[in-house]
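Below you'll find the structure, written out as structure tokens, and then a few comments.
For ligands, and for the atoms within them, numbers begin at 1 and follow the listed sequence. Counting begins at 1 with the first residue of the sequence.
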Amino acid sequence: MSLVVMKFGGTSVEDPAAIGRTAAIVAGRVALGKQPVVVVSAMAKVTDQLLRAAAAAAEGDRAGALAISSRLRVRHRETTAALVKDSAALLDLIDQEFDSLDEILRGLAAILELTPRISDLIVSYGERLSSRIVAAAFSELGIDAAHVDAREVVITDSNFQKAVPRDALIEQRAQTKLLPLTAQSKVPVMGGFIASNEAGITTTLGRGGSDFTGALIGGALAAEAIEIWTDVDGILTADPRVCPDALRVKIISFEEAAELAYFGAKVLHPATILPAVKKNIPVLVLNSRNAACEGTRITSLAPHCKSPFKSIAVKKKLSIIDVVASRMLMTHGYMKEIFTVFDKHKCAVDMVSTSEVSVSLTVDSNDNLPALAADLGQLADVKYEGKKALICLVGDDIRGKNGMAAQVFNAVRHINVRMISQGASEINMSFMIDEDDADEAVRSLHAAFFQDPDPAIFDVEARRSN
Ligand code: ADP
Ligand code: ASP
Ligand code: MG
């Protein structure tokens, strides 16, 4: 049985037309003799709106929170009615879900404290609802679909809002909950992103985590491929919203894709690659609005690329922390002390640069920074500054190519560069600038490095036909 996991993002299930296109894509795979397992995100923007409702309720704005919920109820009901003829039972179920969501929001407006655990419970409604509606729509459109509650399959620890999957349990659950369905050629449809801990309490895998669910299920079932269906033609040479002439990358290695995802290319959740690598399962990034396009293939071995870089990623909302201590000059154990402070505040460091007396580190901007800086202040003089962005160029064998750094910094010579890192990884060169300069930097780098792209790797035809 050639099992494929097909993950559809928010825009691929955003309204009846999108769900119709998604059904046609899945039916197409079935017609080819494939056995799909489908993972869906919440309908586009629903997660953001649920988080907004939660924040409003926690601030005591009960009416505001309930108004958001009420608009979401209408949207889900209307989508259902447009797709499913005999929709009474599903509409009832949707109403029950919204009634319980409203109950939680009212409680929150009374307690005025939003914990990570309650936040996960509230956002989980997005995928709970979308997966029900998509499963029903598939059945209506002739696909033998079966809804599966993702929280019974994806088991995690209790690290709410960014829970860590328990691979062995997921493998067991996938076998007991999904294989009996696929054995009958049914198409399981489950929500991404949402999960539960071993006690059955709802957790989530972090924003954008539906890709991760797709990969976890693909890994657990040793799928033939993991397909990530989204709203662009694949992984592109830059974010097309920043750089409209970005090109599709036809093939890329697991390492390069992981690096891009980690350094901000939103098209893929950074953890997606891991389960795929473990079982060597190819990941395909495809466009549900342009299903004929072959997308991007992510595999263990990508062919050598003549162009120096495959893609440019940007990670925004970062802060830079400068730690300066002249009295620490050459003391051993100093770095350890600094990192112990970061560890204490559970603060992940993206990039580090050191000199004799100073260390600069970059971290995600977060509310903990003042406390972290105060602790570091016990060791040395500390300054920190937000609104920074990390630009990351990814390509195979950057280290082996001469003159790369000169070309990169020549392309952004009009921009002030705060920190540079190269050499830690053979496939990444990154530097830190002000967030306001980020889009301009990407466009300048793109113009410099994607003039004459290698046709074996990039879709140059698309550029010619534009
Ligand atoms: P989904 O809801 O399907 O998961 P996302 O919005 O999470 O979709 O990711 C797709 C978006 O990622 C694209 O619309 C695009 O704007 C953005 N993006 C950022 N960097 C890249 C890149 N290098 N290649 C393709 N898309 C990118
Ligand atoms: N719905 C979740 C989010 O918006 C997960 C996802 O779409 O991948 O973050
Ligand atoms: Mg996404």
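With sequence neighbours excluded, the residues that form a salt bridge (charged side-chain N to carboxylate O under 4.0 Å, His left out) with Glu256 are Lys310.
Cys347 and Asn366 make their closest contact through SG-ND2, 4.0 Å (heavy atoms, listed as atom of the first residue, atom of the second, distance). The two atoms that bring Ala135 and His147 nearest to each other are CB-CB, 3.9 Å, heavy atoms only. The nearest pair of heavy atoms linking Ala44 to Arg75 is O-NH1, 3.0 Å.
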Using a 3.5 Å cut-off on N/O to N/O, what pairs does ligand 2 make with the protein? A line per pair would be great.
| residue | atom | partner | partner atom | Å |
| --- | --- | --- | --- | --- |
| ligand 2 | 1 (N) | Thr47 | OG1 | 2.8 |
| ligand 2 | 1 (N) | Glu127 | OE2 | 2.7 |
| ligand 2 | 4 (O) | Thr47 | OG1 | 3.3 |
| ligand 2 | 4 (O) | Arg207 | NH2 | 2.9 |
| ligand 2 | 7 (O) | Ser41 | OG | 3.1 |
| ligand 2 | 8 (O) | Gly208 | O | 3.3 |
| ligand 2 | 8 (O) | Gly209 | N | 3.4 |
| ligand 2 | 8 (O) | Ser210 | N | 3.0 |
| ligand 2 | 8 (O) | Ser210 | OG | 3.2 |
| ligand 2 | 9 (O) | Arg207 | NE | 2.6 |
| ligand 2 | 9 (O) | Arg207 | NH2 | 3.4 |
| ligand 2 | 9 (O) | Gly208 | N | 2.8 |

Pairs under 3.5 Å, N/O atoms on ligand 1 and on the protein: can you put them in a table with the distances?
| residue | atom | partner | partner atom | Å |
| --- | --- | --- | --- | --- |
| ligand 1 | 2 (O) | Gly10 | N | 3.3 |
| ligand 1 | 3 (O) | Thr230 | OG1 | 2.7 |
| ligand 1 | 4 (O) | Lys7 | NZ | 3.1 |
| ligand 1 | 6 (O) | Lys266 | NZ | 2.9 |
| ligand 1 | 8 (O) | Thr230 | OG1 | 3.2 |
| ligand 1 | 12 (O) | Val267 | N | 3.4 |
| ligand 1 | 14 (O) | Asp231 | OD1 | 2.8 |
| ligand 1 | 14 (O) | Asp231 | OD2 | 3.4 |
| ligand 1 | 16 (O) | Asp239 | OD1 | 3.0 |
| ligand 1 | 16 (O) | Arg241 | NE | 2.8 |
| ligand 1 | 16 (O) | Arg241 | NH2 | 3.2 |
| ligand 1 | 23 (N) | Leu236 | O | 3.1 |
| ligand 1 | 24 (N) | Leu236 | N | 2.9 |

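Between His76 and Glu97, the side chains place no donor N or O within less than 3.5 Å of an acceptor N or O (distance only, hydrogens not considered).
Using a cut-off of 4.0 Å between Lys/Arg side-chain N and Asp/Glu carboxylate O, Arg207 and Asp48 are scored as salt-bridged.
Classified by interplanar angle (parallel below 30°, tilted 30° to 60°, perpendicular above 60°), the ring pair Phe450/Phe458 is perpendicular. Between Phe8 and Trp229, the two ring planes are parallel [angle under 30°; tilted spans 30° to 60°].
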Do any side-chain atoms of residues 261-268 form donor-acceptor pairs under 3.5 angstrom with protein atoms, and if so which ones, sequence neighbours left out?
| residue | atom | partner | partner atom | Å |
| --- | --- | --- | --- | --- |
| Tyr262 | OH | Asp350 | OD1 | 2.7 |

